[in-house]
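Only one structure is covered here, and it is reproduced in the block below.
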Protein chains: 2
Amino acid sequence: MENRLDLDALHELIEAKDYRRIKKEISDMYPADIAWLLGDMDAKNMILVFRLIPKEEAAETFSYLDFDSQEIIVNAVTDNELSAIMDELYVDDAVDLIEELPAGVVRRVLRCVDSSTREIINRYLKYEDDTAGTIMTSEYINLKSEMTVLEAFRYIRRKAGDSEDIYNCYVIDKNRILQGTVSIKTLILAEADDKIGDLMEDDPIYVRTGDDKEHVAGIISHYDLLTVPVVDDELRLVGIVTIDDAVEVMQEEVTEDFEIMAAMLPSEKPYLKTGVFSLAKNRIVWLLFLMVSSTITGSILSTFEEALAVIPVLVSFVPMLMGTGGNSGSQASTLIIRGMAIDEIRLRDFPKVLFKELRVGLVCGISLGIICFAGVYLLYGHNPALALTVAITIALTVLMAKCLGCVMPMAAKAVKLDPALMASALITTIVDACSLLVYFAIVNLILL
Amino acid sequence: MENRLDLDALHELIEAKDYRRIKKEISDMYPADIAWLLGDMDAKNMILVFRLIPKEEAAETFSYLDFDSQEIIVNAVTDNELSAIMDELYVDDAVDLIEELPAGVVRRVLRCVDSSTREIINRYLKYEDDTAGTIMTSEYINLKSEMTVLEAFRYIRRKAGDSEDIYNCYVIDKNRILQGTVSIKTLILAEADDKIGDLMEDDPIYVRTGDDKEHVAGIISHYDLLTVPVVDDELRLVGIVTIDDAVEVMQEEVTEDFEIMAAMLPSEKPYLKTGVFSLAKNRIVWLLFLMVSSTITGSILSTFEEALAVIPVLVSFVPMLMGTGGNSGSQASTLIIRGMAIDEIRLRDFPKVLFKELRVGLVCGISLGIICFAGVYLLYGHNPALALTVAITIALTVLMAKCLGCVMPMAAKAVKLDPALMASALITTIVDACSLLVYFAIVNLILL
């Protein structure tokens with residue numbers, strides 16, 4: 001596991017045209033690591049090195065590459081090489097690739113796969129975006145309930161080479177209707193003449209082709225599964241989803257939450273592959289909305305021109321009040337949004353959460369208020385009334401921000417909106433306006 | 001899979017003391033679902049229902065419960081029942097539980113497990129926090145290289161019942177040094193008299209007991225593994241980490257990123273289980289730091305009292321400028337931080353990223369500037385100079401915020417700080433100050 005070839009060393013070998021050495025080094029590496037190196041190379045070198053990968057590892061390495069690199073390879077290899085790669089790829093990876101390729105290239109790829117694979121790929125391409133159908137694979141072991149364990153093992157030996165997962169087998173009847181699942185572990189522990197029908201779990205967990213892929217990932221994680229079978233509307237088994245694809249879905253889901261919480265429209269593509277204009281478009285919508293909303297805060301500020309004219313120093317506390325309010329609100333909303341995303345916090349916990357945030361808000365608000373009082377008193381001419389005004393405002397702002405920070409995401413969830421929408425940017429904008437209102441109310445009460 | 005018992009129905013059955021019905025319903029459910037229901041019940045009902053779970057499913061259900069519920073159960077059951085549960089638990093789950101229990105309860109739990117398990121548990125408890133040692137399990141299959149496939153299968157049949165993962169077997173020599181791994185798939189495809197030593201992958205991927213658990217999760221995800229072996233300093237095999245634990249680590253890591261990005265100290269405990277004071281403590285540190293930092297913005301604002309006195313309307317644009325700047329900065333930094341967390345963006349991509357953000361900043365800045373010009377011109381007395389001032393400021397602020405938003409997280413990573421620190425809260429505070437400086441510079445240039 002130590003001393004793997006790194007990018008610089010590889011480039012030096014290419015420079016020196018020492019292809020034999022590259023071939024040797026690469027044959028000692030794991031496909032995931034080779035793909036990692038290839039992803040960082042320019043097209044010319046990538047193709048060169050890809051051709052040096054031992055044949056039996058080329059397809060696996062290919063499956064670890066990102067789509068752009070895959071496209072470069074597809075365009076560079078001969079039809080024969082392409083056939084070899086496509087035959088080795090699992091159907092879900094092949095379908096993912098085809099969905100990303102330009103139409104002209106897709107035609108060539110489909111020409112290079114054998115007709116049964118082509119048929120499966122075409123069927124998969126018809127599933128709607130983001131459904132179980134798009135992330136499932138068709139390489140699995142299906143058994144019949146009347147088989148014995150010995151017959152099952154013979155069948156598995158014949159099929160194992162082509163299957164992505166052989167550790168769970170799926171029992172289907174003659175109409176391909178899913179009847180149950182049986183794990184290899186059960187088969188190993190059973191006797192040779194036991195019947196599959198007697199061994200199988202006959203109330204298996206399954207999902208449907210049209211189920212949202214996030215639901216599928218949730219099922220896999222909730223039941224701690226390695227795979228879950230996918231059935232069509234007639235309950236016929238059409239594929240399985242494996243845990244690695246579920247993990248990928250979870251990661252995408254998290255990225256989407258991050259994007260929404262930072263006030264962007266979520267994007268399917270990785271950052272470096274997204275064009276400048278689509279990045280800008282994803283961001284402008286929310287920036288514009290928040291910019292317009294913040295003019296409300298601006299007009300609140302300008303209605304208090306009079307107070308600001310009488311006591312000009314008041315304006316210098318505005319950024320601190322707004323900033324602290326916004327930060328307090330985002331802290332609360334982030335915890336609540338994340339808690340709901342991983343099902344730690346449920347809607348019925350609302351009273352508990354609100355009561356907790358009220359108390360946290362009090363502790364934080366009072367602590368910051370005291371510090372603020374001392375700071376303002378010492379730095380702004382020993383004026384206790386001014387110090388008190390700022391201190392009370394900060395305490396109330398923090399308290400209010402904490403409450404809004406938990407109420408808003410939970411309210412969003414209650415009306416079936418994405419709670420992630422209620423994250424820092426929106427909360428900040430609302431808290432900003434509220435904190436100014438509180439500020440000037442207290443200024444009026446104490447100072448004017 | 002349909003029509004599972006829900007919480008209300010269960011409470012009704014408890015109310016009606018219809019325990020036979022509860023027992024029947026529960027025996028049809030998956031342990032993960034029973035645990036989900038139990039987690040929402042009060043202690044008395046939880047214990048009552050737990051006792052109705054079929055014996056063979058009690059331990060598995062127990063392993064799905066959160067620590068608080070586990071503690072309630074541990075305290076309620078007899079020593080015999082406790083022994084039965086502990087014997088069925090996998091060592092990693094048992095260790096996790098013991099780490100959360102109060103010392104008195106731990107003594108009772110350890111008394112109830114058999115002595116060999118006790119020894120393993122005690123060894124596991126010594127590993128440092130957050131290392132591979134704390135998330136590994138000791139239930140795996142180890143083979144010898146001189147075994148034949150037939151012998152291996154016989155051995156696996158004897159051991160499979162106690163093993164969390166049987167799909168990868170680990171080959172060790174007489175000193176327990178890890179020599180290789182072999183999958184059940186390979187064994188099934190092999191001939192009965194093939195030697196394990198000839199079949200095994202002899203350069204296996206492994207981790208060490210002291211490796212950070214995030215590194216372990218990274219290895220599992222990078223190589224698409226279901227398990228990874230854990231070795232000690234002498235390369236002796238001491239355990240394995242399974243993918244479900246790796247997924248949990250990834251989720252914790254994401255939660256930690258969310259917390260840091262929202263300017264909180266990360267917490268190990270779930271939100272609802274964290275006390276008010278530790279929640280407050282985790283938040284106050286950053287709130288205080290950011291509050292003090294934002295006084296800089298305040299003092300910048302107050303140095304421009306003069307300009308604000310001459311043209312009072314200027315102050316009403318301050319929230320919009322600061323808000324838009326902060327939002328633009330968080331958008332960029334969030335994408336970069338997340339991109340680096342999932343290894344999509346690497347440090348050497350910095351020039352690409354900066355160039356991209358520059359262009360995105362230009363597109364967003366100019367668009368918002370134009371809209372801003374029109375808005376201010378129409379709403380604030382058809383004053384083109386004022387509109388131009390605000391428009392130019394907003395364009396420059398957005399551009400600057402986008403650049404800071406990508407430079408700061410990448411700079412943090414370069415000096416080995418956590419990039420998540422450079423998220424919205426800190427970026428916003430810095431961008432706030434800068435945007436005011438830009439604002440008043442342009443005011444001076446155009447309006448005064």
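Throughout, protein chains are lettered first and strands after them, A, B, ... in sequence-line order, and every chain is numbered starting at 1. All heavy atoms count here, side chains included; hydrogens, waters and symmetry mates do not.
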Point to revise | B:I156 and B:R154: CA distance, side-chain angles, deciding distance, side-chain contact (heavy atoms from CB on, under 4.5 Å) verdict | key: CA-CA 5 Å; B:I156 293 168; B:R154 276 203 201 113; over 6 Å; no
With a 4.5 angstrom heavy-atom cut-off, which part of [X] approaches chain A: side chain, backbone, both or neither?
| X | result |
| --- | --- |
| B:L189 | both |
| B:F304 | neither |
| B:I394 | side chain |
| B:I336 | side chain |
| B:A190 | backbone |
| B:V247 | side chain |
| B:E357 | both |
| B:I220 | neither |

Taking [options] one by one, which has the highest count of heavy-atom pairs under 4.5 Å against chain A?
| options | answer |
| --- | --- |
| B:I188, B:I284, B:T324, B:L314 | B:I188 |
| B:T297, B:L436, B:D432, B:V318 | B:T297 |
| B:R359, B:M320, B:M322, B:R283 | B:R283 |
| B:K273, B:R348, B:K352, B:R158 | B:R348 |
| B:Y271, B:Y167, B:W286 | B:Y167 |
| B:S293, B:G323, B:P312, B:S183 | B:P312 |

What distance separates [X] [atom1] from [Y] [atom2], expressed to the nearest 0.5 Å?
| X | Y | atom1 | atom2 | result |
| --- | --- | --- | --- | --- |
| B:I300 | B:T295 | CD1 | OG1 | 10.0 Å |
| B:M340 | B:L335 | CE | CG | 11.5 Å |
| A:L265 | A:S278 | CG | OG | 11.0 Å |
| B:I427 | B:M261 | CD1 | CE | 9.5 Å |

Point to revise | Parallel, tilted or perpendicular: rings of B:F258 and A:F258 (30°, 60°) | key: parallel
In terms of heavy-atom pairs under 4.5 Å with chain B, which of [options] leads?
| options | answer |
| --- | --- |
| A:E305, A:E259, A:R157 | A:R157 |
| A:S299, A:A423, A:A262, A:P319 | A:P319 |
| A:I337, A:L379, A:L288, A:T428 | A:L288 |
| A:D66, A:D224, A:L301 | A:D224 |

Exercise for review: Any side chain to side chain donor-acceptor pair (under 3.5 Å) involving residues 326-346 of chain A? Give me the pairs, sequence neighbours left out, ordered by first then second residue.
Suggested key: A:Q331-A:K402, A:R338-B:Q251, A:R338-B:T255, A:R346-B:D40
With a cut-off of 3.5 Å and sequence neighbours excluded, list every side-chain donor-acceptor pair involving residues 360-369 of chain A.
from: A:S367; atom 1: OG; to: A:V363; atom 2: O; distance (Å): 2.5

Study note, to complete from the structure: Applying a strict 4.5 Å limit to non-hydrogen atoms, the region of A:I260 in contact with chain B is neither
Practice item. May I ask you to check whether over 12 heavy atoms, not counting those of B:E248, lie within 6.0 Å of atom CD? Key: no
Check your understanding: For atom OH of A:Y380, is the number of surrounding heavy atoms from other residues, nucleotides or ligands below 6.0 Å larger than 12?
Key -> yes
Check your understanding: Taking the side chain from B:K356 and the backbone from A:T274, do they hold a donor-acceptor pair closer than 3.5 Å?
Key -> yes
Check your understanding: Could you walk me through whether B:L272 and A:V353 pass the side-chain contact (heavy atoms from CB on, under 4.5 Å) check?
Key -> CA-CA 7 Å; B:L272 289 173; A:V353 171; 3.9 Å; yes
